[in-house]
Amino acid sequence: MQQGSIITDEMKEQLGVEGTPTILEVEKGHIRMMAEALGDPNPLWQDEEYAKKTRYGGIIAPPALLCNARAGTGRGVQMKSPFLRALAGGDELEYYLPVRPGDVITSVSKIAEYNEREGRRGKMLFTIIETTYKNQRGEVVATSRSTYISY
Amino acid sequence: MKKQLYYEDVEVGSEVTPLAKIATTQMLVKWAGASGDFNPLHYEDTFAANQGVGSPIVHGALKRAWLGHLMTDWIGEQGLLKRLSCQYRGMDKPRKMASMISPEEGETWWCKGTVTKKYIEDDQHIVECDIWVENGREEKTTPGTATVILPSREAKS
């Protein structure tokens, strides 16, 4: 077993440091691409006539629009690891407001936590990244907490 | 338009209407483009092998997107998805394409869920669920939870 912690002082200094904000201008075309890619034909994501008659009064984005590279999740944070292999461990999202075409979403990520565990193949590092997504009015539309595993 | 689900329609133990999905290499390419995740782990054989996963695997975020689809279909347009979480526990391998539009025979995934809790808080009718993606061998590769707010037949405001 490896001795000592794999979490260095340099890594600890990055806790809570905010990455560069990412701006996502939400377009209908992007929403449609997303819905097609995940195979979700819900007209609320695509059909303006249909969506007008709903509580939203127009097209909204599916929940999958946030928490990915395009939405800036994890952008600009200094993720360090002594390992070469990495996998996504999980995600946790809270949704507060719908995201609509025309919205300008600014996301900011930071490293919230490190955990180390002993796995079958030795030590594993869990890095938890928190991201806040705000719209053009400064309202928080969603937050996410993503776990990355390196080993 | 689909029939709207109401708070009164569900009980602890109720099933979330299951949703079938087929991951294909083509779908992974589309997902990479839509999500901006161009990690070669999801489309390059040698890279995936060197990363120790054998061959390209389905993006965790795509499986999360499927679970989002599961929930938004079930709660209907009057329901609100408040919280969604999942863990990428098991790896899934996409079907290869047999033609430009159709995949080879193979695995079908199911997104499923059950209601674990229902309660009223601040006049909101809240339902919590365990949710998961199940592979062709009925293994839960992507377990998670979701919290939704449903409309109520009794509390029309």
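Order of the sequence lines sets the chain letters (A, B, ...), proteins ahead of strands, with each chain counted from 1.
When heavy atoms are compared at a cutoff of 4.5 Å, A:Ala51 does not approach chain B at all. Contacts between A:Pro62 and chain B at a heavy-atom distance below 4.5 Å are absent for every atom of the residue. With a threshold of 4.5 angstrom between heavy atoms, A:Ile31 does not approach chain B through any atom at all. Only the side chain of B:Ile57 comes within contact range of chain A, with at least one heavy atom under 4.5 Å from a heavy atom of that chain.
A donor-acceptor pair is defined here as one N or O able to donate and one able to accept, closer than 3.5 Å; such a pair exists between the side chain of B:Arg64 and the backbone of A:Cys67. Judged by distance alone, the side chain of A:Arg70 and the main-chain N or O of B:Ala34 form a donor-acceptor pair under 3.5 Å. Judged purely by atom type and a 3.5 angstrom limit, B:Lys21 uses its side chain to pair as donor or acceptor with the backbone of A:Gly39. No side-chain donor-acceptor contact under 3.5 Å links B:His69 to the backbone of A:Leu38.
In the displayed structure, B:Arg83 atom CZ is contacted under 6.0 Å by more than 12 heavy atoms of other residues, nucleotides or ligands. Within 6.0 Å of the CD atom in B:Glu139, the count of heavy atoms belonging to other residues, nucleotides or ligands exceeds 12.
B:Leu80 places a side-chain heavy atom less than 4.5 Å from the side chain of A:Arg55. Using a 4.5 Å heavy-atom cutoff, the side chains of B:Met91 and A:Leu87 are in contact. Here the side chains of B:Tyr88 and A:Asp91 are in contact, with some heavy-atom distance below 4.5 Å. With a 4.5 Å cut-off on side-chain heavy atoms, B:Thr72 and A:Leu44 do not count as touching.
Closest approach of B:Gln51 to A:Leu84, counting heavy atoms only: NE2-O, 3.7 Å.
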